[in-house]
Trainee: 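Handing you a structure now.
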Amino acid sequence: MTPAELSAQLLTVVDGALERRGESTLTIGIDDVLLERPKNREHGDWASNIAMKLAKPLKTNPRELALELADGIRSIDGVSSVDVAGPGFINMTLDAAAAGAIAKTIVEQGDEFGRGNLYIGVKIDLEFVSANPTGPIHLGGVRWAAVGDSLARIFTAVGGIVTKEYYFNDHGGQIDRFARSLLASYLGEPTPEDGYGGQYIADIADRIVTGFTGDLASITREDQQEIFRAMGTDLMFGDIKASLHDFGVDFDVYFHENNLHEGGDVGRAIERLRTAGHIYEAEGATWFRSTDFGDDKDRVMRKSDGGYTYFLPDVAYHVTKWQRGFGRAINEQGADHHSTITRVRAGLQALSLQIPKGWPDYVLHQMVTVMRSGEEVKLSKRAGSYVTLRDLIDEVGCDATRYFLVARKVDSQLIFDIDLARSQSNDNPVYYIQYAHARVCSLQRQLGERGLGWNRDNGLAQLALLTSNFEQLLMVELSRYPEMLDAAAQNLEPHMLAQYLRDLATAFHAYYNGEAILVADDNLRDARLNLCAATQQVLHNGLDLLGVCAPEKM
RNA sequence: GCGCCCGUAGCUCAGCGGAUAGAGCAAUUGACUACGGAUCAAUAGGCCGGGGGUUCAAAUCCCUCCGGGCGCACCA
């Protein structure tokens, strides 16, 4: 019996009770019949607070109503006992066969288990990382990469058609500063006042000098700077892409800001705003009257020097997303850019393109504090102090880094202690989860070595033998997987998956230590092996959505 | 000053309307000559930042104050 089936049955019982009371105005939907997993095992497999919710509108005592509903629930097939507890909770326990059915479902559905239809057919654009190619990708960007990529995988698992997109900012002041810094390094000049420092600048400059086929020394400084700009961003971007790839993160679309300028999107957007009367000239600049759309002050769109601020290209960029047919667009970005949200949405509204008001969605994540030797490392490209993705892959490892970064809620500031991550990487919960998976694999290997077999079909028929407390707890965890995945997708919170997998691994390790799996009794052994296989499958499916591997041996 | 986010065990974090607030690390103590101890079991550790409210029920929702982070550019 699946949670949804129980929920539907419960609804019928509640409807019956309402009918008996001649209550016709009160309609109860499937969502109102709240089923929850009690934290305490003594409260059964499932609990409902529906009696407490209905007591008031029905002008009755919650306990009385609960007792009445409990009578109806007792007759549901697969429910073995029902109790009323506390102020009116209805606690239900399933019989062993009904509970064991989850293992059968998982083994039969395999890789498909947990896939849902929450976002079936929905085209989703997920933009993340989008770091400027002015330096190596650092810890903040790695957090985006881990979270964004997992989110993309989760969306896909619940039916979404996902495009992972990277907005490549190869235009504007930051890039100029980067180019000037490279040039200065080449010429042996000190780093410009507002430029970037760090060893990587010298490295990139060297690579440009080596790679450039013409005679750098004989061209003008302007031309030199242009060379360093073009080749520098290419090299830097290549490095970023390569380290992300090694981290298991690849994008479907790399959108270059330059295309917006060259393709005329920016110009068209500004004309459309002008025609609609949303812009004005003042102090030599062109302004957007964003206060008409909820912003707290008007914004400059075109600077007095003729260049655009980032704002207009951003809006034009989102217009292309809309025009590319993404009913859902989600941008992941650092909390330090949160003020762009109002502006981008305001700009899109002003264009009158029938774009919904709350479009696009944002996932903001708080900043990462890096600790090393007990002290905070101030991250700064300019000062050249940072921890790069490459460092993390080399020193901590992909799986541990990904798990650590995705296991936290995005809106909590997190502290990344390099020494801890490196020296105690074995304490990372990811190994605990992977170990659970490897243990099941080991059991299956053991079978052969002991000359035992595993009759899967018999195991599926014997699931009612799984009656121990360990087994019951493990099955409860397993059955939570689909609903947990939906919740993670709905709330844009992949950390729920990371937490879940740890809980599942805990339930498995406890079982493994508490009961022998490879027992002499064929029926019991087959049934237990099926439960282990189900666990292995869910661990595998879940880890895959985190971009973490599920090893057979460790 | 205004806006967004966060204050939960010594540390890092879950829980976000339900029944005794959870986990990992750190501390203390145990476990089968073993299906891999990268494990398990147990003890100890909390006025869930303070104060008001809403509710049958608040760590969770609302208000307020106090702490911390991040924004508030003709930077991105």
Side-chain angles (χ1 to χ4, degrees), chain A residues 34 36 38-40 42-43 47 49 52-53 55-56 61-62 85-89 91 130-132 134 167 169 171-175 177 194 257 282-287 296-297 299-311 313-314 333-342 364-367 369 404 407-417 420 424-436 438-447 449-450 452 491 495-496 498-500 502-503 505-506 508-519 525 528-529 532 553-554:
Chain A
L34 290 177
E36 50 191 29
K39 283 180 238 168
N40 191 330
E42 288 162 24
H43 296 147
N49 61 356
M52 276 136 51
K53 290 275 182 204
K56 200 163 197 181
N61 176 311
F89 288 102
N91 296 332
S130 296
N132 286 348
T134 54
Y167 183 53
N169 191 315
H171 199 275
Q174 312 268 21
I175 299 293
R177 282 199 274 282
D194 56 357
E257 184 186 350
E283 302 164 43
T286 306
W287 296 70
D296 54 355
K297 61 176 84 160
R299 304 292 168 176
V300 169
M301 293 192 322
R302 181 187 265 155
K303 299 182 278 187
S304 46
D305 70 5
Y308 294 104
T309 59
Y310 73 93
F311 161 71
D314 248 21
Q333 52 183 235
D336 53 342
H337 285 189
H338 82 265
S339 60
T340 64
I341 298 176
T342 321
L364 289 182
H365 83 236
Q366 298 297 315
M367 313 317 285
T369 303
F404 183 88
R408 268 76 172 164
K409 267 189 312 193
V410 289
D411 49 11
S412 71
Q413 303 162 26
L414 71 81
I415 296 178
F416 195 101
D417 187 323
L420 207 66
Q424 304 192 339
S425 67
N426 274 358
D427 287 332
N428 188 308
V430 77
Y431 296 105
Y432 179 82
I433 298 166
Q434 290 179 320
Y435 185 48
R439 266 186 155 171
V440 178
C441 297
S442 171
L443 280 172
Q444 291 161 349
R445 263 179 261 124
Q446 281 283 323
L447 264 183
E449 289 166 21
R450 294 192 186 189
L452 293 169
N491 301 321
H495 80 275
M496 294 174 73
Q499 297 291 140
Y500 167 80
R502 213 178 44 72
D503 290 344
T506 297
F508 176 76
H509 286 307
Y511 176 40
Y512 182 92
N513 278 277
E515 306 268 2
I517 310 296
L518 303 178
V519 292
R525 189 179 63 245
R528 288 185 172 170
L529 281 167
C532 290
K553 284 183 185 175
M554 296 178 67

Trainee: May I ask you to say what A/S304 touches in the nucleic acid, namely base, sugar-phosphate or nothing, with a heavy-atom cut-off under 4.0 Å?
Mentor: base
Trainee: Ignoring backbone atoms, test whether A/K409 places a side-chain nitrogen or oxygen under 4.0 Å from the OP1 or OP2 oxygen of B/G15.
Mentor: yes
Trainee: A/Q444 near the nucleic acid: base, sugar-phosphate alone, or nothing, with a heavy-atom cut-off under 4.0 Å?
Mentor: nothing
Trainee: Tabulated below should be each protein N or O lying under 3.5 Å from an N or O of nucleotides 40-43 of chain B; please produce it.
Mentor:
| unit_1 | atom_1 | unit_2 | atom_2 | d |
| --- | --- | --- | --- | --- |
| B/C40 | OP1 | A/Y432 | OH | 2.3 |
| B/C40 | O4' | A/N513 | ND2 | 3.0 |

Trainee: Have a look at A/K297 and say if it touches a base, only the backbone sugar-phosphate, or nothing, with a 4.0 Å heavy-atom cut-off.
Mentor: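 Sugar-phosphate, no base atom in range.
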Trainee: Are any of A/T342's side-chain N or O atoms less than 4.0 Å away from OP1 or OP2 of B/C4?
Mentor: no
Trainee: So, is A/Y310 near the phosphate of B/C74, with a side-chain N or O under 4.0 Å from OP1 or OP2?
Mentor: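 Negative; the distance criterion is not met.
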Trainee: B/G30 pairs with which nucleotide, Watson-Crick or G-U wobble, both distances below 3.5 Å?
Mentor: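 By the stated definition (distances under 3.5 Å), B/C40 pairs with B/G30.
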Trainee: Centroid separation under 6.0 Å, is that true for the rings of A/H509 and A/Y435?
Mentor: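 Yes: the rings meet the under 6.0 Å criterion.
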Trainee: Remember a base hit wins even if backbone is also touched, and classify A/S442 as base, sugar-phosphate or nothing at under 4.0 Å, heavy atoms.
Mentor: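 Touches a base.
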Trainee: For A/A85, which contact category applies under a 4.0 Å heavy-atom criterion: base, sugar-phosphate, or nothing?
Mentor: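 If one applies the 4.0 Å heavy-atom cut-off, A/A85 turns out to touch a base.
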Trainee: Rounded to whole angstroms, how far apart are CZ on A/R299 and C1' on B/C72?
Mentor: 7 Å
Trainee: Let's test this: given Watson-Crick or G-U wobble pairing with both distances under 3.5 Å, identify the partner of B/G17.
Mentor: none
Trainee: At under 4.0 Å between heavy atoms, what does A/E283 touch on the DNA or RNA strands: base, sugar-phosphate, or nothing?
Mentor: base
Trainee: Please tabulate, one pair per line, each protein N/O and nucleotide N/O from nucleotides 56-63 of chain B that are separated by under 3.5 Å, including the distance.
Mentor:
| unit_1 | atom_1 | unit_2 | atom_2 | d |
| --- | --- | --- | --- | --- |
| B/C56 | OP1 | A/K56 | NZ | 2.5 |

Trainee: Measure the distance from CG on A/N40 to C1' on B/A19 and round it to the nearest whole Å.
Mentor: 8 Å
Trainee: When we call it a touch if two heavy atoms are under 4.0 Å apart, what does A/A438 touch: a base, just sugar-phosphate, or nothing?
Mentor: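 Counting heavy atoms under 4.0 Å across all strands, the contact made by A/A438 includes a base.
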Trainee: So, do A/F89 and B/A19 meet the stacking rule of ring centres under 5.5 Å and planes under 30°?
Mentor: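 Per 5.5 Å and 30° rule: yes, stacked.
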Trainee: Determine whether any donor atom in the side chain of A/H337 lies under 3.5 Å from an acceptor atom in the base of B/G71, or the reverse, and answer yes or no.
Mentor: no
Trainee: Whole angstrom is fine here: how far is it from CE in A/M554 over to P in B/G37?
Mentor: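 Roughly 13 Å, once rounded to whole Å.
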Trainee: Mind checking if A/N491 touches a base, just sugar-phosphate, or nothing, with heavy atoms under 4.0 Å?
Mentor: nothing
Trainee: Whole angstrom is fine here: how far is it from NE2 in A/H338 over to P in B/C70?
Mentor: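 Rounding to the nearest Å, NE2 of A/H338 and P of B/C70 are 12 Å apart.
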Trainee: Once you round it to whole Å, what is the distance between P of B/G15 and CD of A/Q499?
Mentor: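 My rounded result for the distance is 7 Å.
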Trainee: Write down the distance between NE2 (A/H43) and P (B/A21), rounded to a whole number of angstrom.
Mentor: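 Spelled out: NE2 on A/H43 to P on B/A21 is 12 Å.
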Trainee: How would you label the contact of A/R502 with the nucleic acid (heavy atoms, under 4.0 Å): base, sugar-phosphate, or nothing?
Mentor: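 Contact class for A/R502: sugar-phosphate only.
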Trainee: Counting only side-chain N and O atoms of A/Q413, is one of them less than 4.0 Å from OP1 or OP2 of B/C5?
Mentor: no
Trainee: Roughly how many Å is it from CG in A/D411 to P in B/C16, rounded to a whole number?
Mentor: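 In whole Å, B/C16 P and A/D411 CG are 13 Å from each other.
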Trainee: Is a donor on one side and an acceptor on the other found under 3.5 Å between the side chain of A/T506 and the backbone of A/R502?
Mentor: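 Yes; judged by distance alone, with no hydrogens or angles, the pair exists.
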Trainee: Base, sugar-phosphate alone, or nothing: which one does A/L414 contact when heavy atoms must sit under 4.0 Å apart?
Mentor: sugar-phosphate
Trainee: Can you tell me how far C1' of B/G24 sits from CG of A/D503, to the nearest Å?
Mentor: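 Rounded to whole Å, this separation is 11 Å.
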